[in-house]
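So the structure is just underneath, and the comments pick up after that.
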Protein chains: 2
Amino acid sequence: MKALTIGKVAKQAGIGVETIRFYERTGLLNEPPRNNSGYRQYPPEAVVKLRFIKKAKQLGFSLQEIGELFNLRRQQDATCGDVRIRAEEKITNIEEKIRDLTRMKDALTNLTCQCSGKGPVSKCPILTALEPEKEKP
Amino acid sequence: MKALTIGKVAKQAGIGVETIRFYERTGLLNEPPRNNSGYRQYPPEAVVKLRFIKKAKQLGFSLQEIGELFNLRRQQDATCGDVRIRAEEKITNIEEKIRDLTRMKDALTNLTCQCSGKGPVSKCPILTALEPEKEKP
DNA sequence: ATAATCGCTGTACCATACTACAGAGTCAAG
DNA sequence: CTTGACTCTGTAGTATGGTACAGCGATTAT
């Protein structure tokens, strides 16, 4: 006997009960089985899925994009080549995010270094951090 | 003569005119000087700032957080140690995002590899990608 | 010099992602 | 066996981040 009620799942995933029902309504989560009195019965994996959603949102993915990531997995065996292409798009996308974040981090590190030093900063490293690279003449 | 109208800035930054005015209303952008007829006169750096905002949003930062990043820079010379602490918080935060994205990327790569191979996948690598690490007994 | 385009303010509306009830049934602990 | 916490459905409200006019003046291209 391992099924969880919605409240347990919510607590373990660190999100609200209403939010879970909302995700279900929008189709992001599929409907779990119910017990005799109509209570949702979640398998423990539901917690994993919800934690994934939470994290992915913090990384700038919309609920729709998160759904696409799930679909990628579900359709995997069906239409292999197609899925591969879309997965590679996601990967490229993610790599760009990582690059941007790395630049942003470097800029902030830079800022804290300058802070311990002295003198005015002519160009703001944070702002220019996310500029598209351009060749220097 | 280098001042740009709002339309020029918007085009160069790749965002809408209305959005720029919206950012101004909310205080994310400070009010630019005006010309005789009341038109906003932006310096070229405004484009850099707007592109930063656009990117940062894609990375999961809220407008408020983006504003905090800007403040970090502005207050830099004033309250050095304090700024340093908050900058380091941001850095830690960013490092976690990078870690999560890297895990997600690896999981997707994994998925495309499995795809070219064959056989059913018992555990979904995407879902478990963003799980907090736990020691394996 | 006169449209078309752009800019101004102000207000209203929109999509996304929740969040909060109301009103009724269910379950578990003392 | 009741009382308090939990669940259900349904509907409504909120926060964030825009987007879209209307109604007017300024500018620019022909």
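Here the structure is a predicted model, which means the values were calculated and not measured. Within every chain, numbering begins at 1; the chains are lettered A, B, ... in the order of the sequence lines, protein sequences first and strands thereafter. Quick note: numbers below take in every heavy atom, side chains included, and nothing from hydrogens, waters or symmetry partners.
Each of G38(A) and Y39(B) lies near DNA chain D, and the nucleotide nearest G38(A) is the one positioned closer to the 5' end. Between E18(B) and T5(B), the residue whose closest nucleotide on DNA chain C is further toward the 5' end is T5(B).
A salt bridge does not link E65(B) to K90(B): none of the charged side-chain nitrogens sits closer than 4.0 Å to a carboxylate oxygen. By the 4.0 Å N-to-carboxylate-O rule, K49(B) lies too far from E45(B) to be salt-bridged with it. Salt bridge D100(B)/R103(B): present, at least one basic N to carboxylate O contact under 4.0 Å. Checked for salt-bridge contact, E96(B) and K55(A) meet the test: a charged N lies under 4.0 Å from a carboxylate O.
Taking atom CG of N36(A) as the reference point, atom C1' of dT7(D) lies 14 Å away to the nearest angstrom. In this structure, CD of Q58(B) is placed 14 Å from C1' of dG17(D), rounded to the nearest angstrom. If you measure from atom CG of L28(B) to atom C1' of dG17(D), you get 11 Å, rounded to the nearest angstrom. Put simply, CD on Q64(B) is 12 Å from C1' on dA15(D), counting in whole angstrom units. Rounded to an integer number of Å, the gap from E31(B) CD to dC8(C) P is 12 Å. Rounded to an integer number of Å, the gap from I20(B) CD1 to dT19(D) P is 12 Å. Spacing between atom CD1 of I6(B) and atom P of dG25(D) amounts to 20 Å, rounded to whole angstrom units. Atom pair R21(A):CZ and dG10(D):P shows a separation of 12 Å (rounding to whole Å applied).
Neither OP1 nor OP2 of dG7(C) sits under 4.0 Å from any side-chain N or O of S37(B). For the OP1/OP2 pair of dC6(C) and a distance below 4.0 Å, the side-chain nitrogens and oxygens of K8(B) include no atom meeting the criterion. In terms of phosphate contacts, S62(A) brings no side-chain nitrogen or oxygen within less than 4.0 Å of OP1 or OP2 of dT16(C).
T26(A) comes within 4.0 angstrom of no nucleic acid atom, judged by non-hydrogen atoms across all strands. The residue R25(A) sits close to a base: some heavy atom pair falls under 4.0 Å. Within the nucleic acid shown, R40(B) comes within 4.0 Å of sugar-phosphate atoms alone, with no base atom in reach, counting heavy atoms only.
Distances from the side chain of F22(B) to the nucleotides dA20(C), dT19(D), dA17(C) place dT19(D) closest.
Contact record, L101(B) with F61(A): CD2-CE1, 4.1 Å, taken as the closest heavy-atom pair.
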